[in-house]
Amino acid sequence: FVDTTHSVSLVCVSSQAKGAIPHLGTGLTSPLATITSSTWTSCSGPLGITLSVAQVGTWSLNGTSYTSPVTTGNVSGVNANISGTCAFSVTGTADGKYSNTTHQLAMAPIAGSGNTLTIHVAGGGTACFGLIHDGDNATFTTQVPYTVTTPLGNLTITSP
């Protein structure tokens, strides 16, 4: 993700999310799926410091529109704790688009969606040597789309 207020990035080499997708097909209502766990590998933040990301709670995968073959939507209820040399959390909603043809999910801000992520620093101050500030806005973007599989109603979202 990127702290868009101060242009500071957190980059992970790979990640995987797991959850449930209760129904497959057309005419579904949100949430389309839930994300109950995620792992984030080899993450680094500002100045190259090593950071760990831990999902808090269940996140929801929602559809907001469909134009064949792409479902536009978001991941809501995002709550992640980031720790290491510095600590903060990120909450909110992140935009994305899913291709029903390729089964790939690309996360990126969608103009006009109103969705955003917010950074929270304990005590309302700063973190990461003053580079991350409480209340900063953030976005989540994938460099390469995630591959989505749904075997037996289980959801797996994997980065390369």
Side-chain angles (χ1 to χ4, degrees), residues 1-22 29-65 70-99 104-148 155-160:
F1 80 87
V2 174
D3 173 333
T4 57
T5 307
H6 292 97
S7 299
V8 177
S9 296
L10 168 71
V11 178
C12 297
V13 172
S14 66
S15 61
Q16 182 178 66
K18 292 189 177 252
I21 185 160
T29 58
S30 290
L32 303 174
T34 55
I35 299 170
T36 55
S37 67
S38 59
T39 55
W40 306 80
T41 306
S42 300
C43 300
S44 61
L47 307 174
I49 60 175
T50 299
L51 295 172
S52 297
V53 178
Q55 178 177 336
V56 177
T58 298
W59 304 350
S60 297
L61 185 60
N62 307 292
T64 56
S65 65
V70 175
T71 300
T72 299
N74 60 62
V75 176
S76 63
V78 171
N79 188 349
N81 290 330
I82 290 80
S83 61
T85 303
C86 55
F88 56 96
S89 64
V90 178
T91 62
T93 300
D95 294 323
K97 292 185 178 187
Y98 173 74
S99 169
Q104 292 190 322
L105 174 64
M107 300 299 296
I110 297 173
S113 75
N115 294 324
T116 189
L117 297 169
T118 303
I119 295 172
H120 305 278
V121 178
T126 64
C128 300
F129 312 107
L131 298 172
I132 303 274
H133 299 80
D134 185 62
D136 283 357
N137 290 326
T139 58
F140 179 71
T141 303
T142 51
Q143 299 301 315
V144 177
Y146 288 105
T147 299
V148 178
L155 175 70
T156 302
I157 304 170
T158 308
S159 68

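As the structure is a prediction and not an experimental result, all values here were calculated from the model.
- Remark: the backbone N or O of Gln104 is not paired with any side-chain donor or acceptor of Ser99 at under 3.5 angstrom.
- Taking 4.5 Å as the limit, some side-chain heavy atom of Cys128 sits within range of a side-chain heavy atom of Ile49.
- The shortest distance between side-chain heavy atoms of Thr5 and His133 does not fall below 4.5 Å.
- Listed for the Ser30 side chain is a donor-acceptor partner under 3.5 Å among the backbone atoms of Gly63.
- For the residue pair Leu155 and Thr34, the shortest heavy atom distance occurs at CD2-O, 3.8 Å.
- Using a 4.5 Å heavy-atom threshold, the side chains of Val121 and Thr126 count as separate.
- Thr72 OG1 to Tyr98 OH: the interatomic distance, rounded to the nearest 0.5 Å, is 13.0 Å.
- When side chains are defined from C-beta on, Thr118 counts as touching Asn137, because their heavy atoms get closer than 4.5 Å.
- Between Val11 and Gln143 there is no side-chain heavy-atom pair separated by less than 4.5 Å.
- Using a 4.5 Å heavy-atom threshold, the side chains of Leu131 and His6 count as separate.
- Between Gln55 and Ser38, the closest heavy-atom pair is OE1-OG, 2.8 Å.
- Note that CG of Leu51 is 13.0 Å distant from CH2 of Trp40, once rounded to the nearest 0.5 Å.
- Of all heavy-atom pairs spanning Ser9 and Val2, the tightest one is OG-CG2, 3.6 Å.
- Of all heavy-atom pairs between Thr139 and Leu117, the closest is C-CD1, 4.1 Å.
- Side-chain N or O atoms of Ser14 include none that pairs as donor or acceptor with a backbone N or O of Thr41 at under 3.5 Å.
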Validation: residues 74-90 side-chain donor-acceptor distances under 3.5 Å, sequence neighbours left out:
| from | atom 1 | to | atom 2 | distance (Å) |
| --- | --- | --- | --- | --- |
| Asn74 | OD1 | Asn62 | ND2 | 2.9 |
| Ser76 | OG | Asn62 | ND2 | 2.9 |

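- In this structure, Thr156 and Thr158 approach most closely via the heavy-atom pair CG2-OG1, 3.5 Å.
- Pairing each heavy atom of Leu10 with each of Cys43, the nearest pair is CD1-CB, 4.2 Å.
- Atom CD of residue Gln16 and atom CD1 of residue Ile157 lie 9.5 Å apart, to the nearest 0.5 angstrom.
- Only one option out of Asn115, Thr116, Thr141 pairs with Asp95 in a side chain to side chain contact (heavy atoms under 4.5 Å, CB included); it is Asn115.
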